[in-house]
A.B. asks: 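One structure, as structure tokens, below. Some questions next.
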Amino acid sequence: MTISTVGSGMTPSPAPAPGRPRGVTARILRRAWGYGEMKAAAFLFVALALLTVLGPLVIDASATKISVADKFLPPLFMEGGRLPHVLGTDQLGRDLLLRSLVGLRNAFAIGLTSVVGMFVLGCAIGIYAGYRGGWVDVLLMRLTDVQMSIPVIILAITILGVSRPNPASIIAVLVLASWPVYARVSRGVALAERQKEYVRAARIIGASDLRIMVRHIAPSILPPIAFVAVLDVARMMIFEAIFGFIGIGIQPPTPTFGTIISAGTQYLINAWWITIVPGVLLALALGSLNLMGGVLERARNYILQGGA
Amino acid sequence: MAFAFEFFLRRLSQGVVIVVLVAFVIFTLLRVVPGDPIRIILGPMTPASVLEETARALGLRDPILVQFGRFMGEVATGDLGRSFIRGLQGGSAGGSQDVAGYSPESRASVAGLIATALPYSLQLAGLGVAFALLVAFPIGIAAGLRAGRWPDRLGLYASSFFVSLPNIWVAVVLIFLLSAKAGLLPAIGYQGFAYTIIPAMVLAIELSPVMIRAISVAVAANLGEAYYDAGIVRGLSRRTMVARHVLRNAAVPLLNLFGAQMIGMLLGGLFVVEYIFSYPGIGMLTISAVFQRDFPVIQAVAILASGVLVAINMLVDFASTMIDRRLKF
């Protein structure tokens with residue numbers, strides 16, 4: 001603790017600008033919040049989050065219980081719909097709104113966990129490679145080349161297609177497939193950061209390499225990268241849906257968008273809502289994440305290019 | 001020319017190493033994860049002794065490194081082997097069809113299977129990219145030219161919207177609207193060019209957000225450069241500057257994007273879209289091969305896919321230096 005405070009005190013300029021450790025995050029967030037789109041997207045996201053938490057408590061139905069008498073009920077806004085099935089029921093009489101909400105919760109949990117995983121793994125490798133340089137750097141970056149040359153889908157079905165897939169193995173595959181991007185980006189920034197005064201200062205007063213990487217470089221370069229990771233949460237949720245569709249995602253009866261959509265395709269002509277309606281909910285959730293991510297990315301670029 | 005020669009020599013040797021490593025990863029992965037192809041080749045009723053005998057005859061019980069060495073030796077001579085599952089006519093011939101025993105000669109060659117499927121995939125990919133460019137170019141350029149104004153917002157909305165549509169869902173929606181309801185286009189399988197259109201639309205929706213963003217960023221960045229102002233000062237019109245110079249210089253980051261990101265995305269999208277539409281391309285071939293543990297097919301596609309990625313990246317880097325002479329200095 002003492003070392004790190006002394007370390008940042010060694011920076012000659014009184015303003016935190018050269019090392020720009022704090023401040024940047026707050027400025028990016030403030031800039032992003034200035035966009036109306038950001039507020040709208042955040043509102044939508046919070047609304048959906050509340051719905052996923054409260055919905056299962058309020059709706060008097062089960063996401064997995066089969067009820068043949070209620071099958072193929074259309075949504076309320078169509079003729080023949082009835083409560084409590086606001087968005088209708090599927091081919092087995094299960095409530096679609098409820099299944100979508102549980103599916104959304106599962107997809108988000110998998111998306112968020114896998115992005116945290118790939119962020120930590122990728123950035124750890126990237127910072128290490130950038131800070132160390134030399135053959136370690138070359139080796140690790142060639143490794144990212146190899147990893148990036150394997151299509152995600154091949155990797156996923158090879159691993160998930162043979163065993164009974166579960167959330168942990170799905171997350172592991174997503175992390176394995178996507179860490180190189182984070183490694184590349186963080187390595188590039190770490191390489192530049194290594195030359196900076198505050199890092200040299202820390203080294204002079206005897207801070208260990210590990211300490212410099214974890215306590216000094218990581219906090220100053222990671223927040224800008226983290227903002228863009230919001231976009232990846234949405235991407236991973238789409239992958240989760242694709243896996244479910246192919247049959248290598250979370251297994252039935254647990255509701256996920258992939259299985260809901262793939263099962264519903266058989267009844268497309270007579271009961272289109274089984275596939276279409278849950279997809280709208282998923283697209284809304286992804287839309288809120290992507291819009292937030294897009295605005296955060298713009299705000300970040302603006303601030304990093306010297307905007308106030 | 002000496003530059004080009006040295007460039008390709010260095011990058012080619014790096015590329016070969018990467019492709020071999022990718023092949024090794026996939027090769028090992030296939031043999032480490034559970035799921036024995038022999039059981040699928042011979043069917044569930046085969047006695048264990050026959051299973052073992054066939055597995056040994058195929059070399060599947062040798063150490064993985066020995067198997068890999070043998071495989072790479074064959075690949076080096078241009079032989080990609082024969083499918084475990086697919087018969088000479090291309091259909092699946094697993095299980096009960098030849099209980100008497102397995103003979104590799106009765107199976108289709110992997111090279112032949114790929115050669116049959118590849119044109120379909122190229123057609124789909126080409127049309128998908130064309131559709132995506134058709135959408136992304138006008139929006140992207142407009143957004144880049146008017147940064148911070150409404151076309152820019154439109155670009156943000158359009159890319160956020162398209163990227164939020166899961167391809168599996170878009171596919172089902174389009175099948176429902178264009179095929180089932182309106183009866184405008186056919187959707188599942190392949191019996192003619194029309195079968196490519198809906199899958200290509202799905203692919204385009206997946207590709208366009210990245211394109212829109214990249215095009216607008218590249219165009220906007222060039223408007224801030226000194227050469228742009230210099231051109232205007234010398235009396236060139238905005239239109240000329242954009243058409244003649246900005247687009248040319250914006251091509252460099254765009255080409256980079258196409259290499260690094262787009263080909264990977266395209267490949268992934270192709271796999272999923274072909275699977276949804278039962279479109280008879282490489283993706284469909286590979287996905288069914290993985291489910292059937294058809295090792296030779298998967299390995300060959302992995303080599304091919306990583307080879308294409310590496311080659312495209314190499315060409316893109318080369319083209320970048322050719323378009324923008326500054327990069328050479």
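Sequence lines set the chain letters: A, B, ... in the order given, protein chains first and strands last, and positions in each chain run from 1.
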A.B. asks: Do any of residues 165-187 of chain A have a heavy atom less than 4.5 Å from a heavy atom of chain B, and if so, which, in residue order?
C.D. replies: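 Answer by number: none.
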A.B. asks: Quick check for you: among A:Leu282, A:Ile242, A:Leu143, A:Leu231, which has the greatest number of heavy-atom pairs under 4.5 Å with chain B?
C.D. replies: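 Among A:Leu282, A:Ile242, A:Leu143, A:Leu231, the one with the most close pairs to chain B is A:Ile242.
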A.B. asks: Are side-chain heavy atoms of B:Asp152 and A:Arg298 found at a separation under 4.5 Å?
C.D. replies: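 Contact flag for B:Asp152/A:Arg298 side chains = yes.
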A.B. asks: Determine whether A:Leu286 and B:Leu165 make a side-chain contact, defined as any pair of heavy atoms from C-beta on separated by less than 4.5 Å.
C.D. replies: no
A.B. asks: Please determine, among B:Ile298, B:Val308, B:Ile175, B:Val163, the option with the most heavy-atom pairs under 4.5 Å with chain A.
C.D. replies: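 Between B:Ile298, B:Val308, B:Ile175, B:Val163, the count favours B:Val163.
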A.B. asks: For residues 32-42 of chain A, give me every residue with a non-hydrogen atom less than 4.5 Å from any non-hydrogen atom of chain B.
C.D. replies: A:Tyr35, A:Glu37
A.B. asks: Between A:Ile269 and B:Phe176, is any pair of side-chain heavy atoms under 4.5 Å apart?
C.D. replies: no
A.B. asks: So which of B:Leu156, B:Val32, B:Val170 has the largest heavy-atom pair count under 4.5 angstrom toward chain A?
C.D. replies: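 Highest number of heavy-atom pairs under 4.5 Å: B:Leu156.
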A.B. asks: Rounded to the nearest 0.5 Å, what's the gap from CG on B:Leu29 to CD1 on A:Ile159? Could you check?
C.D. replies: 4.5 Å
A.B. asks: Side chain, backbone, both or neither: which part of A:Gln147 has a non-hydrogen atom closer than 4.5 Å to chain B?
C.D. replies: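 Neither part, no heavy atoms under 4.5 Å.
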A.B. asks: If you round to the nearest 0.5 Å, how far is CZ of B:Phe295 from OG1 of A:Thr158?
C.D. replies: 9.5 Å
A.B. asks: Please flag which part of B:Phe161 lies under 4.5 Å from any non-hydrogen atom of chain A: side chain, backbone, both or neither.
C.D. replies: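 Neither part.
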A.B. asks: Write down the atom of B:Ile168, the atom of A:Ala241, and the distance for their closest heavy-atom approach.
C.D. replies: CD1-O, 3.5 Å
A.B. asks: Please tabulate, for side-chain N and O atoms in residues 12-24 of chain B, each donor-acceptor pair with protein atoms closer than 3.5 Å (sequence neighbours left out).
C.D. replies:
| unit_1 | atom_1 | unit_2 | atom_2 | d |
| --- | --- | --- | --- | --- |
| B:Ser13 | OG | B:Leu9 | O | 3.1 |
| B:Ser13 | OG | B:Arg10 | O | 2.7 |

A.B. asks: Assess whether atom CZ of A:Arg142 is packed by more than 12 heavy atoms of other residues, nucleotides or ligands within 6.0 Å.
C.D. replies: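 More than 12 within 6.0 Å, yes.
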A.B. asks: Heavy-atom pairs under 4.5 Å with chain B are the metric here; pick the option from A:Val295, A:Val280, A:Leu155 that has the most.
C.D. replies: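 That would be A:Val280.
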A.B. asks: Among B:Leu267, B:Val301, B:Val310, B:Ile287, single out the residue with the greatest number of heavy-atom pairs under 4.5 Å to chain A.
C.D. replies: B:Ile287
A.B. asks: Taking all non-hydrogen atoms of both residues into account, name the closest pair between B:Trp169 and A:Gly279 and its distance.
C.D. replies: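 It is NE1-CA, 3.2 Å.
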A.B. asks: What option among A:Val152, A:Leu289, A:Ile246, A:Leu284 has the most heavy-atom pairs under 4.5 Å with chain B?
C.D. replies: A:Ile246
A.B. asks: May I ask you to test the A:Trp272-B:Val172 pair for a side-chain heavy-atom distance under 4.5 Å?
C.D. replies: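 No, their side chains stay 4.5 Å or more apart.
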A.B. asks: Residues of residues 268-277 of chain B under 4.5 Å from chain A (heavy atom pairs)?
C.D. replies: B:Gly268, B:Phe271, B:Val272, B:Tyr275, B:Ile276
A.B. asks: Nearest heavy-atom pair of B:Leu309 and A:Met148: which atoms, and what distance?
C.D. replies: CD1-O, 3.7 Å
A.B. asks: Where on B:Ile26 is there a heavy atom nearer than 4.5 Å to chain A: the side chain, the backbone, both, or neither?
C.D. replies: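 For B:Ile26, the contact with chain A is made by the side chain alone.
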A.B. asks: Looking at every non-hydrogen atom in both residues, tell me the closest pair between B:Ser164 and A:Gly287 and how far apart they are.
C.D. replies: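 Looking at all heavy atoms of both residues, the shortest contact is OG-CA, 3.0 Å.
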